[in-house]
Amino acid sequence: MTTHRIAVLGGDGIGPEVVAEGLKVLDRLEQLEGFTTERVDYDLGGRRYLATGEVLSDATLEQLRSFDAIYLGAVGTPDVPPGIIERGLLLKVRFAFDQYVNLRPVKLYPGVDSPVAGLTPERCDLVVVRENTESVYAGAGGVLYPGTPAEVATQESVNTRHGVERVLRYAFEAARGRRGHLTLVHKTNVLTHAGGLWMRAFEEVGDADFPDVQRDYVHVDAACLYLVTQPERFDVVVTENLFGDIITDLGAAVQGGMGLAASANLDPTRRAPSMFEPVHGSAPDIVGTGRADPLAAVMSLGQLLAFLGEQGAADRVERAVAALLAERRGAVPDGVGTTTSEVGDRLVQLVAEA
Ligand code: NAI
Ligand code: MG
């Protein structure tokens, strides 16, 4: 029997609440599909930082490296200044483990109300492949004369042929496994240096190795328009880090909200573990109320299982999530009629039926 080693980082706020539901579903999937997991909990995040002054030590990072996957809830608390946990934990893991693909599906399930009037599920089923290690997130730049009227700040976008080409190849493969259509999103008309590199690599890799995949290019501003008005234009979208960050939140809104948005930070080479997390944050406003929707966390678990080769279990998650969304028809946990853990319980039943 296969055993997968999973590091569990519940994090802050509703993070541990939604991850607990994911693990409940995982327990059931193990019985159904005949695999096991060894799970180790790590207490990391804003709460832990406030208590100890430590975000993520190099020793802990090296322990994490030994796992097959990392399952993360959400990190961050209102009393920790912005940037400390994002850079010290999320970006540190992404960079150290070279998780160069950020994969975010944008799919409207039947039964979910999109804020886009008239949008139907057939018209909204795409995935965004966001480059996850370069661009302005690389941290290049600096500040001169801080706090003075002469202050200067630069934040530079780093784009390497190596980094761009590998994420393009991943996206071309993903398109090949779906409807065979790949759209590059950038701003080549203004960001001519970076955009030129991306466009050349896109054409060269496509011509040489993926002539069967249909290629398309859309400027990022137009992509925002089309994501709302014509999401059916897109099958797989590939883009640089910052544009990907922004358009995937728009995608999350179109698909019915943050409670439904899952993401995977992948090292497709599998030299280091990949990390799977709901897109939402720690939602301090609803922690402890039973109103946190665990669906995004459960969908992220589905991505984790697919990546570890447990396709049967991943398919069960997909079908159970679709069934739950169809039966609850737009309703979300309200802490009274339905709670976070009741949604988890129902999913435990549904994965068995699926
Ligand atoms: P947030 O995503 O935590 O919350 C935004 C709004 O969405 C809130 O009203 C919240 O109640 C609601 N919400 C979020 N997830 C939900 C769920 N599963 N079910 C029902 N409602 C949900 O974003 P916010 O408020 O900007 O950030 C709160 C904290 O989370 C901050 O410390 C922030 O730094 C951190 N954060 C962490 C992220 C991560 O761990 N990847 C991502 C985004 C924010
Ligand atoms: Mg974001």
Side-chain angles (χ1 to χ4, degrees), residues 7-22 24-25 42-50 55-56 70-95 99 102-104 109 112-113 115 130 132 137 241-242 244-246 248-253 255-265 274-304 321 324-325 328 330-344 346-347:
V8 179
L9 280 61
D12 298 304
I14 65 166
E17 299 176 9
V18 295
V19 160
E21 301 313 311
K24 233 154 73 176
V25 173
Y42 283 85
D43 178 20
L44 297 170
R47 201 169 23 92
R48 157 88 202 250
Y49 167 74
L50 288 173
V55 181
L56 174 63
I70 301 169
Y71 188 36
L72 176 89
V75 289
T77 43
D79 32 7
V80 176
I84 293 181
I85 307 294
E86 289 85 346
R87 285 223 156 260
L89 200 143
L90 293 175
L91 292 188
K92 186 166 176 176
V93 171
R94 285 179 187 174
F95 282 54
Q99 294 166 343
N102 187 282
L103 191 65
R104 293 201 193 176
Y109 285 87
V112 175
D113 288 327
R130 162 186 168 192
N132 212 25
Y137 292 73
N241 209 338
L242 179 61
D245 188 8
I246 297 168
T248 50
D249 271 28
L250 180 60
Q255 78 185 130
M258 281 298 192
L260 299 176
S263 78
N265 301 280
S274 295
M275 179 163 71
F276 301 83
E277 52 169 331
V279 172
H280 64 73
S282 56
D285 53 332
I286 58 165
V287 65
T289 64
R291 284 162 57 208
D293 198 337
L295 272 182
V298 171
M299 291 158 127
S300 309
L301 175 74
Q303 291 183 304
L304 181 156
V321 165
L324 184 100
L325 288 168
R328 78 180 195 188
V332 292
D334 57 11
V336 188
T338 315
T339 62
T340 307
S341 76
E342 283 167 354
V343 176
R346 183 66 186 130
L347 286 166

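Counting starts at 1 for both ligands and their atoms, in listed order. Residue numbers run from 1 in the order of the sequence given.
In terms of N/O distances under 3.5 Å, ligand 1 is approached by Ala283. For ligand 1, the polar-atom distance check finds an N/O of Gly281 within less than 3.5 Å of one of the ligand's N/O atoms. The distance criterion of under 3.5 Å between nitrogen or oxygen atoms is not met by Pro278 with respect to ligand 1.
Panel note: side chain Arg291, backbone Asp334; no donor-acceptor pair is recorded below 3.5 Å. Between the Asp12 side chain and the Ser282 main chain, no donor and acceptor come within less than 3.5 Å of each other.
Here the CG atom belonging to Leu304 is positioned 8.0 Å from the OH atom belonging to Tyr71, to the nearest 0.5 angstrom.
Applying the 4.0 Å criterion to heavy atoms of Pro284 picks out, from ligand 1, the atoms 28 (C). The atoms of ligand 1 that sit less than 4.0 Å from any heavy atom of Gly76 are 32 (O). Remark: ligand 1 atoms within the under-4.0 Å shell around heavy atoms of Glu86 are 34 (O).
At the top of the distance list for atom 29 (C) of ligand 1, counting protein heavy atoms only, stands Ser282 OG, 3.1 Å.
Ala296 does not count as a contact of ligand 1, since none of its heavy atoms falls under 4.0 Å from the ligand. Using a non-hydrogen distance threshold of 4.0 Å, Glu277 registers as a contact of ligand 1.
For the residues Leu295, Leu72, Ile286, the heavy atom positioned nearest atom 21 (N) of ligand 1 is part of Ile286.
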